[in-house]
Amino acid sequence: MNSESTVFQRIITREIPAQIVAETDRVIAFYDISPQAPVHVVVTTKDPQYQNVVELAAAAPELLAELVAVANQVAVQLCAGQFRMIFNNGALAGQTVFQVHAHVLGGDLQEGKIVG
Ligand code: AMP
């Protein structure tokens with residue numbers, strides 16, 4: 001359970017700007033401010049209560065499925081539907097924002113580096 005407001009909540013409420021690329025009632029996708037690939041989009045749930053994908057999968061698997069569908073839609077738009085999806089789980093794994101989110105990485109990643 002997440003009690004603190006995250007930077008993603010401030011993007012969702014439009015308190016801070018972001019380049020939004022897709023949005024549903026429950027999910028939002030925007031360009032990562034510090035891209036690690038030619039295409040790097042963050043896809044997160046609007047409900048901040050899930051800190052990571054393990055919590056989300058256990059509590060609301062249909063919302064996780066919606067997040068994945070939005071990620072795919074973004075990838076179809078931006079990188080021919082081919083992408084790498086990364087969930088960082090925990091600070092030791094590189095997670096810095098504790099509101100569940102996927103990194104959608106696309107472009108030519110054969111030689112590319114990954115987030116981490
Ligand atoms: P993680 O390290 O997995 O928690 O990922 C958090 C991601 O959020 C990082 O890749 C950051 O670059 C990204 N990020 C942080 N602040 C912003 C922002 N204001 N707009 C877009 N992306 C952001």
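As the structure lists them, so they are numbered: ligands from 1, and atoms in each ligand from 1.
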For [X], counting its heavy atoms only, list the atoms of ligand 1 lying under 4.0 Å from any of them.
X: H103; result: 1 (P), 3 (O), 5 (O), 7 (C), 10 (O)
X: G94; result: 1 (P), 2 (O)
X: V97; result: 4 (O), 6 (C)
X: I11; result: 18 (C), 19 (N), 20 (N)
X: S34; result: 12 (O)
X: Y31; result: 21 (C)

| Pairwise side-chain contact, N88 with H103, heavy-atom cut-off 4.5 Å (strictly under) | yes

| Are L64 and Y50 close enough that some pair of their side-chain heavy atoms sits under 4.5 Å apart? | no

| note | Distance col, row I11:CD1 vs Q99:CD, nearest 0.5 angstrom, shows 9.5 Å

| query | Roughly how far, to the nearest 0.5 Å, is CZ of R10 from CD1 of I12? | reply | 11.0 Å

| Which is closest to atom 1 (P) of ligand 1 by heavy-atom distance: Q36, Q19, R10, H101? | H101

| said: Polar contacts were defined as any N/O atom of the residue lying under 3.5 Å from an N/O atom of the ligand; does this apply to V42 and ligand 1? | reply: no

| task | Would you check if the side chain of E55 reaches a backbone N or O of Q51 as a donor-acceptor pair within less than 3.5 Å? | result | yes

| query | Counting only N and O atoms by type, is there a donor-acceptor contact under 3.5 Å from the side chain of Q36 to the main-chain atoms of L105? | reply | no

| What class does the angle between the rings of F8 and F30 fall in, given that below 30° is parallel, 30 to 60° is tilted and above 60° is perpendicular? | perpendicular

| field | Part of D32 with heavy atoms under 4.0 Å of ligand 1, whether side chain, backbone, both or neither | value | both

| field | ligand 1-proximal atoms of F8, by part, heavy-atom distance under 4.0 Å | value | side chain

